[in-house]
Structures are given as structure tokens and as C-alpha cells.
Amino acid sequence: RGTTFLGRIMQPLVFSIRPVHVASFRSGVKRFEYRLRLPSVQSGDLALIYETAPVSAVVATVRVGIVYDGDPADVWGATCSLGGITRAEFYSYIGDRTRAVAIEMEPTWLAAPVRLPVGMVAPQSWARWKGAWPA
């Protein structure tokens, strides 16, 4: 059963993102989040940004835009101007994989960080939100 969230019943994906990359989203330098595997997310979905330590909390809701999934060179070519990282960093992250994912994120920053609910462990990459969204 999902949670009522912004008028929809859902269990949004929670993306763990390091503080340096959260800062790049905040500054507008970054609009795409790179992943090695495609999560169950599509354009138009709502998701959450969990900023890893030392913040360790959800800091933004996200409207998912374009999702690229394919050859790393194609994904990089389509997203590099708004990826927030260098080409070398991208290829270091992708390694020898033949597939890359880039998810466009349009964050709305929360007024105050929201801690994960009891029983939910901070996701390594992403996870579904568990429990009710705090009012």
C-alpha cells in the first residue's frame, strides 16, 4: 500500500546522493543523476533525494524528467552538459560496463530535512519509501 504524497498514492523512490552532488543540484550545475542500473522509475514520477552523511536525511522531492538507458557514450553525449561531473569521473564510475543510466531530476528543496522512518535503512543506491510521509 502506498503513501499519499502530493495528492497521489505512492511509495516514491529514495535516491541516495552524496553531499557534493546534492550541492551541484542546488547550484543548477547538475540535472542528471547517473546510475549503473535502471531503477523502476519513469518520466513524470515523483522521487526523493536522500543526502548521505553527514546530513543523512531527505532534502528534496524530485520530478523525474528524461530517463536515458543505454550505451555509456550515448548517455554521456546526451547529458554531459548537465551531468555535474567530468567525462573522466563519468567513465571512472561506469568502468567497463556496456550500459549506463542518467535520470533527469528537477528538485524541490524541503524547508527542513526529513529523517527516514523507523525501520527504513538508508539506501545504498535507491529504495522505496516506507511508511507515511510526515506532514
Side-chain angles (χ1 to χ4, degrees):
R1 182 178 157 187
T3 301
T4 301
F5 181 70
L6 300 179
R8 293 174 56 191
I9 302 296
M10 62 184 303
Q11 291 176 301
L13 274 181
V14 182
F15 287 92
S16 283
I17 301 178
R18 292 186 208 152
V20 64
H21 299 300
V22 171
S24 292
F25 272 112
R26 283 188 186 273
S27 71
V29 169
K30 184 173 181 66
R31 277 202 64 181
F32 284 94
E33 178 64 13
Y34 297 110
R35 296 294 159 139
L36 300 175
R37 294 180 307 135
L38 179 65
S40 179
V41 66
Q42 59 187 341
S43 181
D45 283 356
L46 295 172
L48 305 171
I49 291 177
Y50 173 86
E51 186 172 347
T52 61
V55 175
S56 303
V58 174
V59 295
T61 62
V62 169
R63 175 74 60 190
V64 174
I66 300 167
V67 178
Y68 293 98
D69 177 22
D71 178 77
D74 294 339
V75 170
W76 176 252
T79 63
C80 62
S81 66
L82 292 171
I85 61 174
T86 66
R87 183 179 190 280
E89 289 169 320
F90 175 80
Y91 281 102
S92 174
Y93 175 66
I94 297 302
D96 61 357
R97 290 175 178 81
T98 58
R99 182 177 176 190
V101 174
I103 302 162
E104 184 180 25
M105 296 186 172
E106 301 173 29
T108 299
W109 303 101
L110 301 177
V114 174
R115 300 284 173 212
L116 296 176
V118 173
M120 183 173 179
V121 177
Q124 289 294 315
S125 183
W126 68 81
R128 290 278 173 200
W129 181 263
K130 296 180 184 346
W133 183 254

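Because the structure is predicted, anything quoted here is derived from the model rather than measured.
- In this structure, CZ in Arg35 is found 6.0 Å from CZ in Phe15, a value given to the nearest 0.5 Å.
- The side-chain hydrogen bond (donor to acceptor under 3.5 Å, both in side chains) check on Ser24 picks up nothing, with sequence neighbours excluded.
- Phe32 is connected to Leu36 through a chain of hydrophobic side-chain contacts under 4.5 Å among Ile, Leu, Val, Met, Phe, Trp and Tyr, so both are in one cluster.
- Every residue was checked against the side-chain hydrogen bond (donor to acceptor under 3.5 Å, both in side chains) condition with Ser16, not counting sequence neighbours, and none meets it.
- Linking Ile, Leu, Val, Met, Phe, Trp and Tyr residues whenever their side-chain heavy atoms come within less than 4.5 Å places Val41 and Phe25 in a single cluster.
- Under a 4.5 Å side-chain heavy-atom criterion applied to ILVMFWY residues, the cluster that includes Val29 comprises that residue alone.
- Evaluation of the side-chain hydrogen bond (donor to acceptor under 3.5 Å, both in side chains) rule for Glu51 yields no partner, not counting sequence neighbours.
- Under the 4.5 Å side-chain contact rule for hydrophobic residues, Ile103 and Ile17 share a cluster.
- Phe90 pairs by the ring-ring contact (aromatic ring centres under 6.0 Å, His included) definition with Tyr34, Trp76, not counting sequence neighbours.
- No continuous path of hydrophobic side-chain contacts links Ile94 to Val101 [ILVMFWY only; heavy atoms under 4.5 Å].
- Checked against side-chain contact (heavy atoms from CB on, under 4.5 Å), Asp71 has the following partners two or more places apart in sequence or in another chain: Ala73, Asp74.
- For the pair Val22 and Val59, the minimum side-chain heavy-atom distance is below 4.5 Å.
- Minimum heavy-atom separation, Ala60 to Pro107: CB-CB, 4.1 Å.
- Every side-chain contact (heavy atoms from CB on, under 4.5 Å) that Arg18 has, sequence neighbours left out, goes to Val20, His21, Thr52.
- Looking at heavy atoms from C-beta onward, Leu48 lies in side-chain contact with Thr61 at the 4.5 angstrom threshold.
- Nearest heavy atom pair, residue Pro113 against residue Ala57, reads CB-CB, 3.5 Å.
- Atom CZ of Arg37 has 12 or fewer heavy atoms from other residues, nucleotides or ligands within 6.0 Å.
- Here the closest heavy-atom approach between residue Leu82 and residue Gly28 is recorded as CD2-O, 4.4 Å.
- Side chains of Arg63 and Leu46 form a contact here, defined as non-hydrogen atoms less than 4.5 Å apart.
- If you chain together hydrophobic residues whose side chains sit under 4.5 Å apart, Ile85 and Val75 fall into the same group.
- Residue pairs that meet the salt bridge (Lys or Arg N to Asp or Glu O under 4.0 Å) test with at least one member in residues 88-109, sequence neighbours left out, are Arg31-Glu104, Arg31-Glu106, Asp69-Arg99.
- Applying the side-chain contact (heavy atoms from CB on, under 4.5 Å) rule to Ser56 yields the partners Tyr50, Ala53, Arg115; only residues at least two apart in sequence or on another chain are considered.
- In this structure, Val62 and Met105 approach most closely via the heavy-atom pair CG1-CB, 3.5 Å.
- The side-chain contact (heavy atoms from CB on, under 4.5 Å) search around Ala78 returns Tyr68, not counting sequence neighbours.
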